[in-house]
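Computed from a prediction, not measured in an experiment: that's the story for all the values here.
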Amino acid sequence: MTIPIKATGSRYYKYSGVEGQRLEWLKAIVLEHKLYFPKLSQLNDPPDGRPKLALLQSHELVSYLLGIFLARKPDSTSTDVQKAEADIRWLVERNGPEKVQRDLVGDLIKKLDYRVYSLSKRYDNFGLWAKYADNHRGYCLEFAAEGFLGSNSYEVTYAENLPINITDPADREPYFLFCKRPDWSNEEEVRILLRPLGCDPIVVIEPHWLKRIILGKDMPEDHCRTICEWAAQRGPELAVMHARYDELYQELTLVSNARSPGAIHARP
């Protein structure tokens with residue numbers, strides 16, 4: 001399993017739509033500086049953040065499960081251990097190693113008490129505008145890689161999740177949390193983990209970590225007005241950019257809002 005690499009970018013980006021409650025969620029980010037970290041089960045790729053186990057032989061499973069028993073009950077007598085080993089062996093023989101390991105995966109997933117915040121490395125990713133920002137009708141947030149956001153950001157590796165051997169202590173680090181299938185490589189993801197799961201899913205950030213909001217080229221005008229009003233109310237005032245499609249260069253350009261501080265009117 002590949003060891004996660006610390007992200008080194010200076011800016012990271014979050015794409016989103018504004019349909020349903022998402023516009024109110026954006027308001028909480030802009031005016032209250034609150035980010036919501038979803039659970040692993042809320043991610044859109046079923047294998048994402050899930051361990052893939054190397055299949056074990058029956059005797060390996062018996063030894064592994066007996067080790068769990070001894071760790072939980074270190075004061076067990078030799079009679080207790082013999083009985084536990086016999087019960088475990090019967091369980092494995094009765095159900096088969098595949099069924100037992102399927103149950104083990106389920107138990108491991110329940111114990112993965114992490115939340116994750118996914119960001120990308122650039123704002124002009126057409127695929128992400130289409131998929132996550134409601135086909136250019138949403139927005140993209142630009143964060144500075146500072147403080148908590150910078151020190152806890154790690155690159156996502158795009159590769160098939162290698163099976164881990166649960167009997168090997170060297171394989172027990174949760175590096176799989178930073179590995180996604182190659183199908184998703186266009187996302188160029190940077191990931192921040194939050195643990196434990198039972199903690200508050202809302203993280204309050206420093207206002208100056210959020211640098212700009214980029215409004216999609218096809219965002220409805222009423223949403224544009226609302227977001228610009230929020231940005232102007234914010235302290236410090238949030239720079240608002242409007243994405244435009246350049247037919248000549250076939251790329252996105254950024255145009256500043258009239259009230260937006262420190263913005264540009266040129267190709268990025």
Practice item. Before accepting this row, confirm whether a basic side-chain N of the pair R191/D48 lies closer than 4.0 Å to the acidic partner's carboxylate O. Key: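 Yes, charged N to carboxylate O under 4.0 Å.
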Review point. Any ion pair linking E98 and R102 (charged N to carboxylate O, less than 4.0 Å)?
Key: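 E98 and R102: salt-bridged.
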Grouping I, L, V, M, F, W and Y whenever their side-chain heavy atoms are under 4.5 Å apart, do [X] and [Y] come out in a common cluster?
X	Y	result
L70	I166	yes
W25	V240	no
V18	Y36	no
W90	I88	no
L210	W230	yes

Exercise for review: Step by step, work out the salt bridge (charged side-chain N to carboxylate O under 4.0 Å, His left out) result for D103 and K99.
Suggested key: CA-CA 6 Å; D103 293 340; K99 170 65 168 60; 2.8 Å; yes
With a 4.5 Å limit on heavy-atom distance, are the side chains of [X] and [Y] in contact?
X	Y	result
I68	R72	yes
F37	D200	no
E188	V156	no
T157	F178	no
L61	T167	no
V190	S118	no
H33	E206	no

Just by modelled atom types, is the [Y] backbone N or O under 3.5 Å from a matching donor or acceptor in the [X] side chain?
X	Y	value
D134	R137	no
R115	I202	no
K14	S120	no
E85	Q82	no
D80	T77	yes
R234	V30	yes
E60	Q57	yes

Which value, rounded to the nearest 0.5 Å, describes the distance between [X] atom [atom1] and [Y] atom [atom2]?
X	Y	atom1	atom2	value
H242	I227	NE2	CD1	9.5 Å
R181	Y158	CZ	OH	14.0 Å
S16	Y139	OG	OH	3.5 Å
Y245	L252	OH	CG	8.5 Å
T253	D124	OG1	CG	10.5 Å
M241	I213	CE	CD1	12.0 Å

All N/O donor-acceptor pairs, side-chain side in residues 141-154, below 3.5 Å, sequence neighbours left out:
| from | atom 1 | to | atom 2 | distance (Å) |
| --- | --- | --- | --- | --- |
| E142 | OE1 | R212 | NE | 3.1 |
| E142 | OE2 | Y13 | OH | 2.8 |
| E142 | OE2 | R212 | NH2 | 3.0 |
| S151 | OG | G147 | O | 3.0 |
| N152 | ND2 | F148 | O | 3.0 |
| S153 | OG | L149 | O | 2.1 |

Exercise for review: Check the pair D246 / Q250 against side chain to side chain contact (heavy atoms under 4.5 Å, CB included), numbers first and verdict last.
Suggested key: CA-CA 5 Å; D246 188 313; Q250 295 189 342; over 6 Å; no
Which heavy atom in [X] sits nearest to a heavy atom in [Y], and how many Å separate them?
X	Y	result
L254	A243	CD2-CA, 4.2 Å
L35	Y117	CD2-OH, 3.6 Å
Q101	A54	OE1-O, 3.2 Å
P207	G235	CB-O, 3.8 Å
P182	E160	CD-OE2, 3.6 Å
L177	G49	CD2-O, 3.6 Å

Review point. Given the rule in the side chain to side chain donor-acceptor pair (under 3.5 Å) test, do Y132 and N44 qualify, once you have shown the distances and angles that lead to the verdict?
Key: CA-CA 11 Å; Y132 294 112; N44 53 16; 3.0 Å; yes
Got more than 12 heavy atoms from elsewhere within 6.0 Å of [atom1], [X]?
X	atom1	result
K34	NZ	no
K83	NZ	no
E221	CD	yes
K6	NZ	yes

Review point. Under the side chain to side chain contact (heavy atoms under 4.5 Å, CB included) criterion, do L104 and Y64 qualify, and how do the steps go?
Key: CA-CA 11 Å; L104 281 176; Y64 173 73; 4.2 Å; yes
Exercise for review: Would you check, one step at a time, whether the test side chain to side chain contact (heavy atoms under 4.5 Å, CB included) holds for V203 with I192?
Suggested key: CA-CA 12 Å; V203 173; I192 303 171; over 6 Å; no
Practice item. Begin from the C-alpha positions of E187 and K121 and carry the test side chain to side chain contact (heavy atoms under 4.5 Å, CB included) through to its verdict. Key: CA-CA 8 Å; E187 294 187 349; K121 297 179 182 178; over 6 Å; no
Check your understanding: Can you name the residues that form a ring pair (Phe, Tyr, Trp, His ring centres under 6.0 Å) with Y15, not counting sequence neighbours?
Key ->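 Scan of Y15 (ring pair (Phe, Tyr, Trp, His ring centres under 6.0 Å), adjacent residues dropped) gives W129.
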